[in-house]
Engineer: 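Have a look at this one before I ask anything.
In this text the structure is predicted, and so the values were computed from the model without any measurement.
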Amino acid sequence: MRYELVIFDNDGVLVDSEPLANTVLSGYLTELGHPTSYDESLRDYMGSAVHRVHDLVEERTGQKLPEDFDSTLNTRTFAAFQRELVAVDGTEELLGKLVADGVDYCVASSGSHERIRVGHRKTGIDQWFEEEWIFSSEDVGRGKPAPDLFLHAAERMGVAPERCVVIEDSPLGVEAARAAGMDVYGFTSMMPADRLVGVTGHFSDMSQLPGLLA
């Protein structure tokens, strides 16, 4: 493999959380008087940290979201995860192949550490990740599309950015990876390929990824 480190986004790449999370988010925003469809939630917030929700709502309406917005959103999202969350098809097989091939990997997610761990435990992929291989936007000052999170992950894992490859499914994540000077492959299970501008390549099934990275 021509890369020393594979950096995975989490939501929508390792765990199939985007449909659940955006259903909850769009419903909650609508309930608060900010009508948001599921598709609009995907368009505006997929791949971003929660501060982007606050920023866009205030920018568009001049209103601030409630102080307990984050905690309520987390409670509702985690409840949905506990009911329905599954790993993305082929995730464990892919991680097993990386381990067998001696390729280092980590996760760098816009979600909180708690969200990442809740999802990993529910789907059983927690067995594939040591604590020091998990990075969140909470660890840096700016989330995606800024490059900070990916650069932080590479530094902590001891790999130069140009030797890293990012696996992403959102335009914001692709933009962040490119800004970090990393190759990035776009997973098109939810987002059309033409929305993932500037990627090194596309794939629609996890079984295709090893061949792309070789």
Side-chain angles (χ1 to χ4, degrees), residues 1-15 17-18 45-52 55 88 90-91 94-113 115-117 119-120 125-126 128-191 193-204 206 208-214:
M1 188 174 291
R2 65 184 185 272
Y3 302 103
E4 294 178 18
L5 177 67
V6 181
I7 304 177
F8 289 99
D9 176 44
N10 188 60
D11 293 294
V13 172
L14 297 175
V15 296
S17 52
E18 293 291 8
Y45 304 121
M46 182 174 166
S48 70
V50 71
H51 67 76
R52 179 177 171 86
D55 292 346
V88 169
T91 293
L94 173 62
L95 296 174
K97 179 169 178 51
L98 293 178
V99 170
D101 291 346
V103 178
D104 288 338
Y105 61 87
C106 66
V107 60
S109 172
S110 292
S112 66
H113 277 284
R115 175 176 170 139
I116 298 167
R117 285 160 174 77
H120 285 196
I125 67 169
D126 55 325
W128 296 99
F129 288 91
E130 302 291 342
E131 285 293 311
E132 59 266 28
W133 302 349
I134 298 175
F135 305 100
S136 161
S137 61
E138 292 179 324
D139 303 331
V140 295
R142 298 181 299 168
K144 305 170 190 178
D148 304 38
L149 177 56
F150 290 138
L151 292 173
H152 171 71
E155 180 181 13
R156 291 290 301 273
M157 296 293 290
V159 179
E162 62 269 19
R163 300 299 303 155
C164 299
V165 61
V166 175
I167 312 303
E168 265 289 353
D169 70 332
S170 74
L172 293 175
V174 169
E175 184 179 343
R178 293 191 67 200
M182 300 175 182
D183 283 356
V184 53
Y185 283 86
F187 185 38
T188 59
S189 64
M190 285 191 61
M191 188 66 63
D194 61 6
R195 290 285 312 281
L196 301 177
V197 178
V199 295
T200 310
H202 299 99
F203 68 103
S204 59
M206 282 295 168
Q208 299 169 330
L209 189 55
L212 295 174
L213 303 182

Engineer: For Tyr3, give me all partners under ring pair (Phe, Tyr, Trp, His ring centres under 6.0 Å), at least two apart in sequence or on another chain.
Structural biologist: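 Expected list: none.
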
Engineer: Could you list the residues that satisfy side-chain contact (heavy atoms from CB on, under 4.5 Å) with Ser137, not counting sequence neighbours?
Structural biologist: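 Per chain and number, Ser137 pairs via side-chain contact (heavy atoms from CB on, under 4.5 Å) with Ala49.
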
Engineer: Report the residues that fulfil ring pair (Phe, Tyr, Trp, His ring centres under 6.0 Å) with Phe150, sequence neighbours left out, ordered by chain and then residue number.
Structural biologist: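 Phe150: no ring pair (Phe, Tyr, Trp, His ring centres under 6.0 Å) contacts found.
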
Engineer: Is there a donor-acceptor pair closer than 3.5 Å between any side-chain N or O of Glu138 and the backbone N or O of His113?
Structural biologist: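 Yes: the side chain of Glu138 pairs with the backbone of His113.
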
Engineer: Indicate yes or no: at least one non-hydrogen side-chain atom of Arg115 is less than 4.5 angstrom from one of Asp11.
Structural biologist: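 Yes, their side chains come closer than 4.5 Å.
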
Engineer: Between the side chain of Thr200 and the main-chain N/O of Val184, is any donor-acceptor distance below 3.5 Å?
Structural biologist: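 The answer is yes, because a donor-acceptor pair under 3.5 Å joins these two groups.
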
Engineer: In Å, rounded to the nearest 0.5 Å, how long is the span from OG of Ser170 to CD of Glu18?
Structural biologist: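 Rounded to the nearest 0.5 Å, the OG-CD separation comes to 7.5 Å.
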
Engineer: Under a 3.5 Å distance rule, please check whether Thr188 uses its side chain to pair with a backbone N or O of Phe203 as donor and acceptor.
Structural biologist: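 It does hold such a pair.
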
Engineer: Does any non-hydrogen side-chain atom of Val199 lie less than 4.5 Å from one of Glu168?
Structural biologist: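 Counting from C-beta outward, Glu168 and Val199 never come under 4.5 Å.
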
Engineer: State, with a plain yes or no, whether a side-chain heavy atom of Val140 is found less than 4.5 Å away from one of Phe135.
Structural biologist: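 No. Closest side-chain heavy atoms not under 4.5 Å.
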
Engineer: Identify the two heavy atoms, one from Leu14 and one from Asp9, that lie closest to each other, and give their separation to 0.1 Å.
Structural biologist: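 Nearest pair, atom of Leu14 first, then Asp9: CG-O, 3.6 Å.
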
Engineer: State, with a plain yes or no, whether a side-chain heavy atom of Ile134 is found less than 4.5 Å away from one of Arg117.
Structural biologist: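 Yes, their side chains come closer than 4.5 Å.
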
Engineer: Who pairs with Glu162 by side chain to side chain donor-acceptor pair (under 3.5 Å), at least two apart in sequence or on another chain?
Structural biologist: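 Checked Glu162 against side chain to side chain donor-acceptor pair (under 3.5 Å); zero matches.
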
Engineer: Shortest non-hydrogen contact from Thr91 to Val13?
Structural biologist: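 Closest heavy-atom pair between Thr91 and Val13: OG1-O, 3.9 Å.
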
Engineer: In a table with atom names and distances, give each donor-acceptor pair under 3.5 Å that connects a side chain of residues 96-106 to protein atoms at least two apart or in another chain.
Structural biologist:
residue, atom, partner, partner atom, Å
Lys97, NZ, Asp101, OD2, 3.1
Tyr105, OH, Trp128, O, 2.5

Engineer: Taking all heavy atoms of Ser136 and all of Ile116, pick out the closest pair and write down the distance.
Structural biologist: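 In this case the closest contact between Ser136 and Ile116 is CB-CD1, 4.1 Å.
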
Engineer: Which atom pair, heavy atoms only, marks the closest approach of Gly12 to Ser17?
Structural biologist: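 What the structure gives for the nearest pair is N-OG, 3.7 Å.
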
Engineer: Of the non-hydrogen atoms in Arg2 and Ala214, which two are nearest, and what is the gap between them?
Structural biologist: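 Closest pair (atom of Arg2, atom of Ala214, distance): NH1-O, 2.7 Å.
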
Engineer: Measuring only between side-chain heavy atoms, which start at C-beta, is Gln208 closer than 4.5 Å to His202?
Structural biologist: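 Of all side-chain heavy-atom pairs linking His202 with Gln208, none is under 4.5 Å.
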
Engineer: Do other residues, nucleotides or ligands put more than 12 heavy atoms under 6.0 Å from Arg156 CZ?
Structural biologist: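 Open.
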
Engineer: Checking Phe8 now: which residues fulfil ring pair (Phe, Tyr, Trp, His ring centres under 6.0 Å) with it, not counting sequence neighbours?
Structural biologist: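 Ring pair (Phe, Tyr, Trp, His ring centres under 6.0 Å) list for Phe8, sorted by chain: empty.
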
